[in-house]
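Just below is one structure, and these are the notes that go with it.
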Amino acid sequence: MDRTGVATRMAEAAAAWLDTLTDDQRQVAAWDFPADDERRQWFYTPTDHGGLTLGAMRPAQQQAAMRLLRSGLSRPAYVTAVTIIGLENVLDEVEHFGASFGRERGRDPGMYYVRVFGAPAPGATWGWRFGGHHVSVNHTIVDGVLASSTPCFLGADPAASPLLGPHLLRPLAGAEDLGRELVLSLDDGQLDRALLSPVAPVDIVTGNRARAGAGDRPLPLQGVFRGALSGPLGERLAAGQAAMEHAAGLRAEHLDALALTAEPKGVRAAELRPRQREILRALLDVYVGRLPDELADAELAKYASADALDELAFGWAGGLLPGEPHYYRVQGHRLLAEYDNTQRGVNHIHTVWRDLDTDFGGDVLAAHYADAH
């Protein structure tokens with residue numbers, strides 16, 4: 001199935017979900033396209049992501065919403081996403097069932113939002129998103145073809161939780177373990193080029209910006225909420241970030257070194273040995289493999305040739321060993337994959353896959369409007 005077929009399947013799932021809603025629910029769930037001021041807002045914090053929450057849906061409506069989510073992800077990515085949603089119950093226990101974020105329950109698996117922009121139909125231009133704490137899935141369809149599946153964010157808190165028996169629940173183990181395997185495989189010269197900063201940032205560098213680009217630096221944590229938090233909660237987040245940065249020794253020169261640049265920083269894939277290049281390809285699969293099953297292999301195939309892989313760079317910040325705060329990114333002309341694990345005692349992972357040209361449709365959507373006028 002190609003991008004047209006996947007878009008048609010999404011349209012069928014979106015239309016089926018919308019058909020289950022009452023008029024009042026549709027006012028919240030269905031907005032006109034493009035509604036860029038809203039559609040290009042995205043979050044990964046426990047804030048209002050915009051749309052109808054799972055908690056406000058009947059069971060059959062929830063099922064239809066999950067069918068829509070599945071249409072936009074590979075099966076492994078879907079399993080990962082719904083596991084992350086379930087972690088809200090674990091995180092609630094970690095925080096002694098005390099978090100509120102100004103609502104009745106702060107850590108709530110019902111607070112995941114779905115919104116459709118435009119009328120989903122074969123051949124149409126429209127979009128949809130599914131988002132909540134540590135999940136943000138965004139798709140844009142142009143003239144019936146899937147034009148963009150980014151930004152796509154998955155996080156996990158806790159990153160590792162105990163299960164019965166000698167095992168841990170680690171939804172993002174691949175992103176962590178493959179990144180560390182690659183950095184530990186580097187020789188001294190390669191590592192010197194890969195190490196962006198000896199200190200890791202406390203979050204991904206691009207944050208939840210609508211468009212990532214040169215000069216991006218980590219945002220204040222309280223700013224990654226709808227309507228940037230103020231008052232006591234915002235003050236607590238700001239104080240917590242300041243304490244984390246002070247404890248880590250994060251200074252202005254580290255942020256300078258970590259800033260996103262048009263020319264990718266780090267060790268170039270062209271400098272990697274064959275086994276290291278295999279690890280890099282496997283790491284890429286953790287990110288681009290979030291695409292629906294029929295498209296993931298084709299996306300990864302873009303980096304099958306030596307020339308295409310060579311243009312990527314791998315950068316690392318922070319410690320190399322488990323338990324040490326760390327960050328990495330893989331960047332190319334368009335692709336950007338970011339990972340951070342520094343918070344909550346290095347047991348809180350953020351990962352994002354972005355396309356520097358076509359997030360939210362980007363250049364493809366601009367060309368569509370140019371042709372239409």
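Owing to the predicted nature of the structure, the values given are computational and were not obtained by experimental measurement. Computation of the quantities below employed the complete heavy-atom set of this structure, encompassing side-chain atoms and omitting hydrogens, waters and symmetry-equivalent molecules.
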With distance as the sole test, does [X] use its side chain to make a donor-acceptor pair with the main-chain N or O of [Y] at under 3.5 Å?
| X | Y | result |
| --- | --- | --- |
| R3 | A147 | no |
| S148 | F360 | yes |
| Q343 | D203 | no |
| R193 | G189 | yes |
| K265 | Q331 | no |
| W42 | N208 | yes |
| Q25 | A56 | yes |
| R226 | H49 | yes |

Requested in this report: State the OH-CZ distance between Y113 and R129, to the nearest 0.5 angstrom.
Outcome: 10.5 Å

Query raised in the report: Distance from E93 atom CD to S161 atom OG, nearest 0.5 Å?
Result: 9.0 Å

Non-hydrogen side-chain atoms of [X] and [Y] separated by less than 4.5 Å:
| X | Y | value |
| --- | --- | --- |
| L272 | L309 | no |
| F130 | M66 | yes |
| V94 | R344 | yes |
| T83 | V79 | yes |
| F33 | L365 | yes |
| R70 | R67 | no |
| Y112 | H133 | yes |
| P109 | N89 | yes |

salt_bridge([X], [Y]) N-O dist < 4.0 Å:
| X | Y | value |
| --- | --- | --- |
| D310 | R277 | yes |
| D108 | R103 | no |
| R105 | E88 | no |
| E299 | R290 | no |
| R275 | E278 | yes |

[Y] and [X] side chains, donor-acceptor separation under 3.5 Å:
| X | Y | value |
| --- | --- | --- |
| T150 | R334 | no |
| R39 | T140 | yes |
| D340 | T342 | yes |

Anything under 3.5 Å between a donor and an acceptor, one on a side chain of residues 239-250, the other on a protein residue two or more places apart or in another chain? List them.
residue : atom : partner : partner atom : Å
Q241    : OE1  : L221    : N            : 2.7
Q241    : NE2  : E245    : OE2          : 3.0

Got a sec: does the [atom1] of [X] have more than 12 other heavy atoms crowding it under 6.0 Å?
| X | atom1 | answer |
| --- | --- | --- |
| D187 | CG | yes |
| R273 | CZ | yes |
| E95 | CD | yes |
| D357 | CG | yes |
| E104 | CD | no |

Query raised in the report: Any cation-pi pair here, R115 with W31, using under 6.0 Å and within 45°?
Result: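 That pair qualifies as a cation-pi contact.
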
Report task. Applying ring-ring contact (aromatic ring centres under 6.0 Å, His included), name anything that partners H254, two or more places apart in sequence or on another chain. Result -> none

Report task. Apply side-chain contact (heavy atoms from CB on, under 4.5 Å) to the pair Y287 and L335, showing each step before the final yes or no. Result -> CA-CA 10 Å; Y287 291 88; L335 177 141; over 6 Å; no

**Report entry** Y339-H326 aromatic ring centre distance below 6.0 Å
**Finding:** yes

Query raised in the report: So, for H350 and H134, is the gap between ring centers shorter than 6.0 Å?
Result: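 Ring-ring flag for H350/H134: true, centres closer than 6.0 Å.
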
Query raised in the report: Which heavy atom in P151 sits nearest to a heavy atom in D359, and how many Å separate them?
Result: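 P151 and D359 have their closest heavy atoms at N-OD1, 3.7 Å.
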
Requested in this report: Just do the side-chain contact (heavy atoms from CB on, under 4.5 Å) check on Y327 and V205 with the steps written out, would you?
Outcome: CA-CA 9 Å; Y327 162 93; V205 170; 3.4 Å; yes

